[in-house]
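The block underneath contains the structure these notes are about, expressed in structure tokens.
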2 protein chains.
Amino acid sequence: MRNLVKAFRALSCETRIRILKVLLERECCVCEIMQALDISQSRASRNLGILEDAGFIKSRREGLWIVYSIDEQTMNKYAASLAEMLRGSLANGEIIYQDRERLSHAVRIGPRAIHK
Amino acid sequence: MRNLVKAFRALSCETRIRILKVLLERECCVCEIMQALDISQSRASRNLGILEDAGFIKSRREGLWIVYSIDEQTMNKYAASLAEMLRGSLANGEIIYQDRERLSHAVRIGPRAIHK
DNA sequence: ATACTATATGCGGAAATGTGCATATAATCA
DNA sequence: TGATTATATGCACATTTCCGCATATAGTAT
């Protein structure tokens, strides 16, 4: 029950749904999430933390960046189900589309390659 | 997106998950929900209202009672998916078990039959 | 070493949430 | 009619949430 409530709570906020939709497309560092959603750094970081705590995503350090990605082996089976459900949802959502657009732009010109 | 967030928000609270699990067993009036979960009347009523607003359940008057039940033809397709997911979840949850126990007791001795 | 970059986090404030208590509403009963 | 029962709702309050701002931390570059 704990896990279930936590999973639902994590998705009860539009920002986090948008983040998860982006990460379902592609793993990202924080600054890519910021650019994709056009939000502040602390906002991105905190919401990523909440999604991670709920078991939706995991993070690894890669040089200067922290890369977030879907946690396929999550301990929270509810998170797994819900992420899978989200995969097929909001296919024609305007915001989601814009996020994807901004993401590909960020990736194209991104600072990502500089330090690799 | 609106509907999606609303559906998740509705389930981001243990009380409402418990209510939904009870209603997945059996349609109930408010006083049966109160007894099943052992909560106050206003608490039951308000949380039922939130679930109804999110598209999970519907209500009809039946004499003196308002009977709540799963809304099978809900406009919110996300609510439908999530309710279906919940149907198979928490099968061995302690609280859910107790709620079910209290519910059957309430139904057995319930005032439900008086006015029918 | 210093400077720089990416990320996390403490703090404060505005808003939203969940609840109990009391009261309003509505249907039924006598 | 008035009394009773079931439910909804206004109000107040404590708690939580979400965010921005500023700062701390950690890795990298020079």
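Letters go in sequence order (proteins before strands), and every chain restarts at 1. Please read all numbers here as calculations on a predicted model, not as lab measurements.
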* **5′-ward residue of the pair A:G63/B:V30 relative to DNA chain D** => B:V30
* Asked: Which atoms form the tightest heavy-atom contact between B:A36 and B:L103, and what is the distance?
  -> CB-CB, 3.8 Å
* Within this structure, what is the CZ-to-P distance between A:R61 and D:dT28, rounded to whole angstrom? -> 8 Å
* Are any of the side-chain nitrogens in A:E25 or A:R100 under 4.0 Å away from the carboxylate oxygens of its partner? -> yes
* Rounded distance in Å - CD (B:E62) to P (D:dT7) -> 11 Å
* Structure fact -> With the side chain defined as heavy atoms from C-beta on, A:I66 is closest, among C:dG18, D:dC18, C:dT7, to C:dT7
* Structure fact -> A:W65 has its side chain closest, among D:dA26, C:dA6, D:dT7, to C:dA6
* Asked: Is any side-chain nitrogen or oxygen of B:T15 closer than 4.0 Å to OP1 or OP2 of C:dT19?
  -> yes
* Are A:Y68 and C:dA6 close enough that a side-chain N or O sits under 4.0 Å from OP1 or OP2? -> no
* Atom pair distance, as rounded to whole Å: CG in A:D53 and C1' in C:dA8 -> 15 Å
* Asked: In whole Å, what is the span from the CD1 atom of B:I17 to the P atom of C:dG18?
  -> 12 Å
* **Members of residues 40-51 of chain A that approach DNA chain D, where some heavy atom sits under 4.0 Å away** => A:S40, A:S42, A:R43, A:R46, A:N47
* Does a side-chain N or O from A:R9 land closer than 4.0 Å to OP1 or OP2 of D:dT17, or not? -> yes
* Distance, rounded to the nearest Å, where B:E32 contributes CD and D:dT5 contributes C1' -> 15 Å
* Structure fact -> From CD1 of B:I33 across to C1' of D:dA8 the rounded distance in Å is 16 Å
* Structure fact -> From CD of A:E52 across to P of C:dT9 the rounded distance in Å is 10 Å
* Should the pair B:E27-B:R60 be classified as a salt bridge under the 4.0 Å nitrogen-to-oxygen rule? -> yes
* Whole-Å gap separating P (D:dC18) and CG (A:L37) -> 15 Å
* Residue pair B:G55 / B:D71: nearest heavy atoms and the distance that separates them -> O-CB, 4.1 Å
* Is it true that B:E32 and B:R26 have a side-chain N and a carboxylate O under 4.0 angstrom from each other? -> yes
* **Closest contact, heavy atoms only, B:I17 versus B:L90** => CG2-CD1, 3.9 Å
* Asked: Would you call B:K6-B:D53 a salt bridge at under 4.0 Å N-O?
  -> yes
* Nucleotide nearest B:L64 (side chain, heavy atoms from C-beta), chosen from D:dT7, D:dA6, D:dG27 -> D:dA6
